[in-house]
K.L.:
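Input: one structure, supplied below.
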Amino acid sequence: MKITDTLTSLVSSALESTQSSGSLPPTGDFEINIERPKLTEHGDFSTSLPLALARTMRMSPIQIAEAISIAIPENEMIGMVEPAAPGFVNFTLSTSWLQSQVGVVRKAGTSFGSNDTGSGQSVQIEFVSVNPTGPLHVGHARGAVIGSSLANVLEANGYEVQREYYVNDAGNQMRVFYDTLYSRYMQAAGNDTPLPDPSYPGEYLKDLANDLFHDMGESVLAKGKEDAIVELAPESLRRTLAEIRNVLLKLNVTYDNWFHESSLIASGKFDEVLELLENANLVFERDGAKWFAATKLGLEEDIVVIRSEEGGPTYFGTDIAYHHEKFISRKFDRVINVWGADHHGHVARMKALLKAFEVDQNRLTIILNQIVNFSSGGESLKFSKRNNVLVTVEELIKEVGTDACRFTFLSRSPESHMEFDLSLAKTQSSENPVYYVQYGHARLASILRTANERGIDFNEADLTLLTHPREMELIRKIIELPDVVDRAAEKLEPHHLPHYAMDLSRSLQRFYEACRVISSAVPEIETTKARLQLVEAAKYALGRTLTLMGMDSPEQM
RNA sequence: GCCCCUGUAGCUCAGUGGAUAGAGCAGCGGUUUCCUAAACCGCGUGUCGCGUGUUCGAUUCACGCCAGGGGUACCA
């Protein structure tokens with residue numbers, strides 16, 4: 001049970017008993033809010049309930065706080081309950097309970113930090129989903145990092161999670177891409193074929209065509225353009241996706257499923273769902289195209305689902321079928337899409353679509369991460385190959401490393417228009433919070449290594465010897481982790497993790513400085529054992545945090 | 001025009017309707033017989049963009065304004 005839940009029930013029963021004894025008057029509806037005070041003098045937790053009740057009770061808040069404080073039932077967790085002006089009830093955790101938590105954390109081990117808030121619920125999280133037309137651009141890294149950490153955190157909170165990449169391999173863009181690929185392939189074969197209009201830009205296509213020509217040769221061309229594309233397309237798709245997959249792997253991003261847009265058409269799913277909407281009178285024809293009647297669902301404009309020109313579905317068109325697939329066929333309780341801010345116009349459409357499917361809109365959450373500006377030493381960077389500024393995620397990882405990259409992206413909330421300072425991120429020193437956190441982990445590992453080398457068995461220890469302020473500070477910080485995970489998962493805010501990691505690291509460095517763990521002085525062996533248990537607990541907490549962030553937990557640096 | 005996001009310390013950013021708004025970096029000064037100094041300790045009044053409102057209480061919620069970014073396709 002979470003600490004705050006216990007406190008809530010303690011306050012609740014205190015209020016009931018004061019009311020039944022008549023020392024406090026009855027009240028209407030209210031909510032018990034447990035928060036963490038900023039000042040240590042105000043204890044570990046507090047509630048401002050008396051302030052909220054003052055009006056209906058027609059009493060001064062402090063009187064209510066006093067009455068509640070006295071009535072709080074005995075609990076091993078609570079060391080002290082104090083009323084405080086103007087109307088708070090402050091709780092301080094008991095030293096003995098805090099000490100005992102070291103054992104609880106050690107017992108939980110690498111699973112420490114987990115909750116079961118989401119157990120029994122399935123959630124699908126879709127992220128990155130960039131068109132398979134080239135390597136990932138630096139801007140895509142943010143969504144990748146947010147999505148993958150969010151998935152980790154949701155899993156830690158008990159959800160059954162599926163990570164999915166939606167491969168847009170069917171749209172008009174892909175047609176242009178393949179047309180251009182054909183021309184590039186012809187050029188690679190030495191023909192003077194012009195690029196189509198419109199054509200797909202980028203050097204990548206040229207390189208891809210050259211590679212394909214090297215491996216597949218002239219014979220492909222003998223069949224004419226359409227047949228050649230039929231052969232080239234799957235192979236180019238396979239190679240581009242492999243490249244995307246590899247670079248994501250380097251970013252520590254993995255998927256449970258790669259879902260192809262084209263499969264929606266091949267399987268008939270697209271037609272099936274379109275018919276569904278037609279039967280519901282939500283699809284009509286105009287100017288030779290088919291439209292989704294979004295205005296009937298409160299939107300300002302209708303949306304094209306099938307183009308007039310070649311009769312193919314639009315991006316929104318297939319997304320209709322895709323989301324039907326997510327909610328109706330695969331029956332996810334919740335669906336989370338992590339999109340770049342440039343997709344913002346699409347959000348209202350998807351919500352409208354859910355209305356058409358009669359799916360509760362709250363089951364779909366769309367996280368829009370804002371764009372990233374890259375800078376180096378205070379100077380803003382414009383991306384281009386010509387200026388020799390990095391462009392791809394691959395180059396970004398090479399430049400700053402996976403861990404620094406993840407930590408930096410993760411430490412800002414998705415909606416912030418963040419600035420990524422490359423020079424700071426790649427600094428491998430104390431200036432960089434990334435290494436500060438990892439160094440903390442390495443240091444803990446080092447202490448445990450030393451204990452092992454010296455043959456110290458600390459499996460049995462007297463935890464009541466942990467009384468130093470820095471020891472208590474560290475324990476308090478360690479046991480915050482489940483709350484941090486819970487909050488990150490429930491509010492879909494993974495950026496709390498790096499901030500917690502920093503706090504925890506600071507607490508353990510301060511502890512390290514003040515409390516020698518392994519000492520040559522023999523009489524202190526019992527203290528050593530207790531502190532080694534604390535060190536191990538801290539290592540579990542920090543290691544778990546790093547794992548959830550998708551970062552490495554180094555044993556030494 | 002309309003829609004979304006942002007505006008908090010010199011810089012980059014946290015901040016759950018509560019008590020005296022925080023961290024990292026940068027800057028200045030100090031700390032090392034023994035587990036990693038990639039560390040620790042000390043030094044911070046900032047119109048929380050501006051205004052009005054809701055509230056016992058607003059950086060937090062609502063509305064208006066200002067500034068910056070993004071979107072506003074038979075692209076995705």
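All chains are named by letter (A, B, ...) in the order of the sequence lines, taking the proteins before the strands, and each is independently numbered beginning at 1.
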K.L.:
I need the residues from residues 286-302 of chain A with at least one non-hydrogen atom less than 4.0 Å from RNA chain B; give them sorted by number, or say none.
P.N.:
Asp287(A), Ala289(A)

K.L.:
Is the aromatic ring of His42(A) within stacking range of rA19(B), meaning centres under 5.5 angstrom and planes under 30 degrees?
P.N.:
yes

K.L.:
May I have the distance from Glu513(A) (atom CD) to rA37(B) (atom P), rounded to whole angstrom?
P.N.:
8 Å

K.L.:
Could you check, using the six-membered ring where one of them is a Trp, whether His468(A) and Phe511(A) have ring centers closer than 6.0 angstrom?
P.N.:
no

K.L.:
Below 3.5 Å is the cut-off: list the nitrogen or oxygen pairs between protein and nucleotides 26-29 of chain B, distance only.
P.N.:
none

K.L.:
With nearest nucleotide decided by heavy atoms, which residue, Thr47(A) or Met174(A), maps closer to the 5′ end of RNA chain B?
P.N.:
Thr47(A)

K.L.:
Is there any protein nitrogen or oxygen under 3.5 Å from a nitrogen or oxygen in nucleotides 54-58 of chain B, and what are the pairs?
P.N.:
from	atom 1	to	atom 2	distance (Å)
rC56(B)	OP1	Arg55(A)	NE	3.0
rC56(B)	OP1	Arg55(A)	NH1	2.5
rC56(B)	OP1	Arg55(A)	NH2	2.2
rC56(B)	OP2	Arg55(A)	NH2	3.2

K.L.:
Please give me every residue in residues 469-478 of chain A whose heavy atoms get under 4.0 Å of an atom in RNA chain B, ordered by residue number.
P.N.:
none

K.L.:
Under the side-chain contact (heavy atoms from CB on, under 4.5 Å) test, which residues partner Asn459(A), sequence neighbours left out?
P.N.:
Arg106(A), Asp457(A)

K.L.:
Gln173(A): which residues meet the side-chain contact (heavy atoms from CB on, under 4.5 Å) condition with it, sequence neighbours left out?
P.N.:
Asn131(A), Tyr200(A)

K.L.:
Using Watson-Crick and G-U wobble pairs with both distances under 3.5 Å, what is the 5'-to-3' dot-bracket string of RNA chain B, with [ ] for crossing pairs and | for pairs outside the strand?
P.N.:
(((((((..((((....[...)))).(((((.......))))).....(((((..]....))))))))))))....

K.L.:
Between Phe292(A) and Phe316(A), is the ring centre distance below 6.0 Å?
P.N.:
yes

K.L.:
Can you give one letter per nucleotide of nucleotides 4-14 of chain B, going 5' to 3': B for a protein heavy atom under 4.0 Å from the base, S for sugar-phosphate only, - for none?
P.N.:
SBS-----SSS

K.L.:
Go through the structure and list residues passing salt bridge (Lys or Arg N to Asp or Glu O under 4.0 Å) with Lys426(A), not counting sequence neighbours.
P.N.:
Glu399(A)

K.L.:
Between P on rG24(B) and CG on Asp503(A), what's the gap in Å once rounded to a whole number?
P.N.:
9 Å

K.L.:
Rounded to whole angstroms, how far apart are CD on Gln533(A) and P on rC35(B)?
P.N.:
22 Å

K.L.:
Determine whether the aromatic ring of Tyr436(A) stacks with the base of rA38(B), defined as ring centroids separated by less than 5.5 Å and ring planes inclined by less than 30°.
P.N.:
no

K.L.:
Could you tell me which residues satisfy side-chain contact (heavy atoms from CB on, under 4.5 Å) with Arg286(A), sequence neighbours excluded, listed by chain and number?
P.N.:
Phe284(A), Trp291(A), Asp302(A)

K.L.:
Students often get this wrong, so: under 4.0 angstrom with heavy atoms, is Met502(A) touching a base, only sugar-phosphate, or nothing?
P.N.:
sugar-phosphate

K.L.:
Please measure how far the P atom in rU45(B) lies from the corresponding atom in rA21(B), and state the result in whole Å.
P.N.:
11 Å

K.L.:
I'd like to check the side-chain contact (heavy atoms from CB on, under 4.5 Å) partners of Glu490(A); sequence neighbours left out, ordered by chain and number.
P.N.:
Thr117(A), Asn157(A), Tyr159(A), Asp486(A)

K.L.:
Roughly how far apart, to the nearest Å, are rG46(B) and rG53(B) at atom P?
P.N.:
28 Å

K.L.:
Distance check, C1' atoms only: rC66(B) and rU52(B), in whole angstrom units.
P.N.:
15 Å

K.L.:
Could you list all N or O pairs between the protein and nucleotides 60-63 of chain B that sit under 3.5 Å apart?
P.N.:
none

